[in-house]
Amino acid sequence: MSVASDMSGQGKPTIVLVHGAFAESSSWNGVIADLKRRGYPVLAAPNLLRGVQNDAAYVRSVLDTVSGPVVMAAHSYGGVVMTEAADGVSKVKALVYVASLSPDTGESVATLGAKFAGSKLFQAIKSVPFTLPDGSTGMDQYVDPDRFPEVFAADVDTETAELMAVTQRPASAEAQQGGVTKAAWKTIPSWTLITKQDQAIMPDLQRFAAERAGSTVVEVEASHAVAVSQPGVVADLIDTAARATAG
């Protein structure tokens with residue numbers, strides 16, 4: 001069964017959303033509600049957070065279920081996954097990076113994060129061992145719940161930020177360290193929402209990546225959790241990208 005991209009004859013593209021590390025699909029709830037009011041079909045793809053290649057393969061399988069044109073939007077580490085997953089997929093018409101990273105081939109979250117100092121995220125990470133299917137040990141990474149509001153969601157109300165801290169999904173160390181082998185932004189037009197109060201992915205790093213990708217940039221006074229704190233701004237940029245690449 002495929003996800004139709006035509007609603008009420010409007011022919012709008014399907015918006016495929018990809019969450020990042022330390023989050024889950026409900027982080028897009030406000031954006032989803034806004035986009036649906038505008039008549040867009042929306043699909044929030046699960047991001048497995050196990051490793052770039054594995055995560056991208058899964059997201060690409062989700063794309064295969066969608067009929068018609070697609071606009072993808074990704075938050076944080078989700079941008080790394082989107083960069084790999086969308087490459088060569090002709091139905092993907094636009095990429096929207098939200099407080100995110102658009103790596104070049106060979107780059108990872110870790111290598112890009114090292115380019116610009118100041119992020120509070122890595123100092124707030126807690127690592128927890130888990131058993132892999134082959135019996136070996138991997139490491140899951142969480143944001144310390146006590147520091148989550150400050151580092152990840154400083155402009156989100158306290159109650160919501162505390163809930164986000166509890167429901168965060170961990171990313172494996174491999175997800176943070178693995179590099180991309182493809183860069184979809186080289187062939188697909190992109191838009192980037194830069195979060196000027198971000199304590200997780202530094203604004204200067206977001207600007208560096210966006211400029212290199214030739215991305216259309218919008219800047220906003222927001223924390224890393226902009227999809228929660230300012231969903232309308234995120235939906236506006238996705239709508240802009242969809243309209244610019246329609247037809």
Side-chain angles (χ1 to χ4, degrees), residues 16-23 45 47-63 70-122 125 141 171-196 198-220 224 226-227 234 237-238 240-241 244-245:
V16 176
L17 305 170
V18 184
H19 69 80
F22 322 122
N47 188 351
L48 304 180
L49 307 178
R50 299 294 86 190
V52 174
Q53 303 308 317
N54 186 57
D55 298 344
Y58 183 82
V59 168
R60 188 157 180 155
S61 76
V62 173
L63 291 175
V70 169
V71 170
M72 295 187 74
H75 175 248
S76 194
Y77 165 74
V80 178
V81 174
M82 178 174 73
T83 296
E84 179 87 19
D87 185 73
V89 182
S90 60
K91 71 177 75 174
V92 178
K93 304 304 181 183
L95 307 172
V96 182
Y97 291 92
V98 179
S100 189
L101 295 170
S102 49
D104 203 347
T105 53
E107 292 180 337
S108 67
V109 171
T111 58
L112 281 171
K115 288 182 179 290
F116 294 88
S119 172
K120 295 181 179 180
L121 178 63
F122 297 107
I125 293 295
Q141 298 180 334
S172 71
E174 183 180 351
Q176 307 298 308
Q177 296 164 4
V180 300
T181 63
K182 303 169 184 176
W185 51 261
K186 292 183 178 181
T187 56
I188 302 172
S190 66
W191 282 255
T192 298
L193 184 65
I194 293 172
T195 40
K196 296 168 67 176
D198 206 314
Q199 298 295 317
I201 299 178
M202 300 309 294
D204 283 346
L205 175 54
Q206 295 178 45
R207 293 185 188 101
F208 161 79
E211 180 178 351
R212 181 178 62 181
S215 192
T216 300
V217 171
V218 171
E219 299 202 6
V220 60
H224 194 58
V226 63
V234 177
L237 189 58
I238 294 170
T240 296
T245 54

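Quick caveat: nothing in here was measured; it's all calculated off a predicted structure.
A search for salt bridge (Lys or Arg N to Asp or Glu O under 4.0 Å) contacts involving Glu219 returns Arg207, not counting sequence neighbours.
From Phe116, atom CZ reaches atom CG of Asp204 across 6.0 Å, with rounding to the nearest 0.5 Å. To the nearest 0.5 Å, atoms CD1 (Ile194) and CG (Leu205) are separated by 10.0 Å. Put simply, CG on Leu49 and CD on Gln176 are 8.5 Å apart, with the number rounded to the nearest 0.5 Å. Rounding to the nearest 0.5 Å gives a distance of 14.5 Å between NZ of Lys120 and NE2 of His224. Note that OG of Ser102 and CD of Glu107 are 8.5 Å apart. Values are rounded to the nearest 0.5 Å. Leu95 contributes atom CG, which lies 8.0 Å from atom OG1 of Thr187 (distance to the nearest 0.5 angstrom).
When all heavy atoms are compared, the tightest approach of Ser100 to Gln206 is O-CG, 3.9 Å. Listed here is the closest heavy atom pair of Ala86 and Met72: CB-SD, 3.7 Å. Summarising the geometry of Ala183 relative to Thr105, their closest heavy-atom pair is N-CG2, 4.2 Å, with the distance given to 0.1 Å. When every heavy atom of Arg212 is checked against every heavy atom of Trp185, the shortest pair comes out as O-CZ3, 3.9 Å. Minimum heavy-atom separation, Val52 to Gly179: CG1-O, 4.1 Å. When every heavy atom of Pro103 is checked against every heavy atom of Gly79, the shortest pair comes out as CD-O, 4.4 Å.
Side-chain contact between Tyr97 and Thr83 is present, with heavy atoms from C-beta onward closer than 4.5 Å. Considering only heavy atoms from C-beta on, Ser108 stays 4.5 Å or farther from Val80 through its side chain. The side-chain heavy atoms of Gln199 and Leu121, taken from C-beta on, include no pair separated by under 4.5 Å. Within the 4.5 Å cutoff, the side chain of Lys182 has heavy atoms near those of the Glu84 side chain.
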Are Val18 and Val62 close enough, and set up right, to give a side-chain contact (heavy atoms from CB on, under 4.5 Å), and what steps lead you there? CA-CA 11 Å; Val18 184; Val62 173; over 6 Å; no

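Counting heavy atoms of neighbouring residues, nucleotides and ligands inside a 6.0 Å radius, atom CD of Glu174 does not exceed 12 of them.
Of the candidates Val234, Val220, Thr195, Val98 forms a side chain to side chain contact (heavy atoms under 4.5 Å, CB included) with just one, namely Val234.
Remark: the backbone N or O of Ser215 is not paired with any side-chain donor or acceptor of Thr192 at under 3.5 angstrom. Judged by distance alone, with hydrogens and angles left aside, the side-chain atoms of Arg60 form a donor-acceptor pair with the main-chain N or O of Asp87 at under 3.5 Å.
Under a 4.0 Å N-O distance rule, the pair Asp104/Lys186 qualifies as a salt bridge.
Using a 3.5 Å distance cut-off with no hydrogens or angles, the side chains of Asn47 and Tyr77 do not pair a donor with an acceptor.
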